[in-house]
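One structure below.
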Amino acid sequence: MTRRAVRGRLLTFLRAPAGAGDEASYRYFEDGIIAVEDGRIGAIGRAADLSARCSDAAIDHYPDALILPGLIDTHIHFPQTQVIASYGAQLLEWLEKYTFVEERKYADAEFAARQAEFFLDELARNGTTTACCYGSVHPQAAEALFAAAQSRGAGIIAGAAIMDRNGPQPLLDGAKDAIAATRDLIRRWHGKGRQRYAVTPRFAVTSTDAQLAAAGALLAEFPGVYMQTHLAENDDEIATVRRLFPNDPNYTSVYQRAGLLGPRSLLGHCLHLDDAEVALLRDAGAVAVFCPTSNLFIGSGLFDHDRLARAGVRIALATDVGGGTSYSMLSTAAEAYKVMQLQGQNLSALAAFDLMTRGNAAALGLEREIGVLAPGAYADLVVLDGRATPAMAHRMAIVGGLEEELFVLMTVGDDRAVRQTYIKGEPALTHRPAPPIP
Ligand code: GUN
Ligand code: ZN
């Protein structure tokens, strides 16, 4: 039975747009309705055609807003909500000086549980309904994040970071039990409700060969589990990996040899890869995750989107908070556009919105479930208001069509443009935010 319906201007992508103007890549309803049934989309179509089916439903009507599938963030750090905006360091110093210091606090499960509420509130405020989340090394913190997501009906992909060297001792204390703890978390959370697990070796710098191999063995033991890590973000990081793994021809081969590369592998950054490494990613069907605000903020480099795309590497888009500077996938798309402009490349508004929704879902192999407005998919939605600020409304007054509207939304829009977010058909922005964390 349809108890709730959401009405407005609906937009959903059918495939990756070939470029600007590719109208066959999406479906658009000027006045459409999404009928929600048991948290999923029961039907979608023109309001005129579906009004009988929705006659008993409470209809949330947004006459001017654009309603899309909820946005998907494919790389974000749960323990870095208070690392965001940390001044003046490149990757390795930034990790030592800010990130590792902050992540130690997540040993405290109560602290982690409070932070999880803030984190999930913030995602919802930004219209993000699914995220791939790195945890701290503490299993209890990952547990708290999964439990918080589960209680909201939200699905996350997450994992406790594993590291056994080159970090502060308190983060390495649990190293000898990290694989067993990960196995336990997989059993507890992977496939429970909407939750999925990602085995999360932080990066090659902080794991021994033995730990990476053990992580790879876990992937073989639990098919369907994801893997997330960082790859080729920064020159000093790459030089360190070369020193630590002198027998490997390159950084990517360290992960490949450990059995960590496959279609469910998400490699953050991928900025400085040689051709052999690009071929390894392509052959594995692994996903290169473009994190533009982070790459600019930490000063790591420019993601060469077109080179990877031409080589046939799968690509996703992500915020990478707290190296990244915004939770907003709209702002992230704006920075992706600028990074590509700097290299003479182009990101059309259609390609950007596809990537934030269907494209990122496809990178996760979940495009039947999320990222699309289609019967059977979860009713995870974002309602976007292109006139959310005076400057946006002023610009929007002369907008000449849907694509231009989308481009304004991604270029100057952010959390202020998110009028509502739905998770499984329920408004998520009415959730009471957790009390401020001192
Ligand atoms: N490489 C290893 N850990 C991290 C992290 O937390 N953030 C970023 N941006 N890169 C990393
Ligand atoms: Zn990251």
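Start at 1 and go down the list; that is how both ligands and their atoms are numbered.
Contact annotation: for His77 versus ligand 1, heavy atoms closer than 4.0 Å belong to the side chain alone. Using a 4.0 Å cut-off between heavy atoms, Tyr98 makes no contact with ligand 1 at all. The proximity of Val205 to ligand 1, defined as any non-hydrogen pair under 4.0 Å, does not occur for either the backbone or the side chain. Looking at Leu95 against ligand 1, only its side chain comes within 4.0 Å, counting heavy atoms.
Not a single heavy atom of Tyr134 sits under 4.0 Å from any atom of ligand 1. Under a 4.0 angstrom heavy-atom cut-off, Glu237 registers as lying outside contact with ligand 1.
Taking any N or O of Glu233, backbone or side chain, at least one lies under 3.5 Å from an N or O belonging to ligand 1. Residue Arg202 has at least one nitrogen or oxygen atom sitting less than 3.5 Å from a nitrogen or oxygen atom of ligand 1, judged on distance alone.
Legend: ring pair (Phe, Tyr, Trp, His ring centres under 6.0 Å) pairs involving residues 215-253, not counting sequence neighbours, sorted by first then second residue: His75-His230, His77-His230, Tyr134-His230, His230-His269, Tyr251-Tyr255. A ring pair (Phe, Tyr, Trp, His ring centres under 6.0 Å) check over residues 335-375, counting only residues at least two apart or in different chains, returns the pairs Tyr337-Phe407. Applying the salt bridge (charged side-chain N to carboxylate O under 4.0 Å, His left out) definition to pairs two or more places apart or across chains, those involving residues 326-353 are Glu335-Lys338.
Ring pair His305/Phe290 is tilted by interplanar angle, where 30° to 60° counts as tilted.
Asp414 and Tyr327 are not linked by any side-chain donor-acceptor pair at a separation below 3.5 angstrom, with hydrogens and angles left out of the test. Between the side chains of Trp189 and Glu143, at least one donor N or O lies within less than 3.5 Å of an accepting N or O. A donor-acceptor contact closer than 3.5 angstrom is absent between the side chains of Thr206 and Asn166. With 3.5 Å as the limit, one finds no donor-acceptor pair spanning the side chains of Glu103 and Ser136.
Annotation: cation-pi pair Arg9/Tyr28 absent, no NZ/CZ under 6.0 Å from the ring centroid and within 45° of its normal.
Residue Arg15 places its CZ atom among more than 12 non-hydrogen atoms of other residues, nucleotides or ligands, all under 6.0 Å distant.
Closer than 2.8 Å to the Zn ion (ligand 2) sit the protein N, O or S atoms His75 NE2, His77 NE2, His230 NE2, Asp320 OD1.
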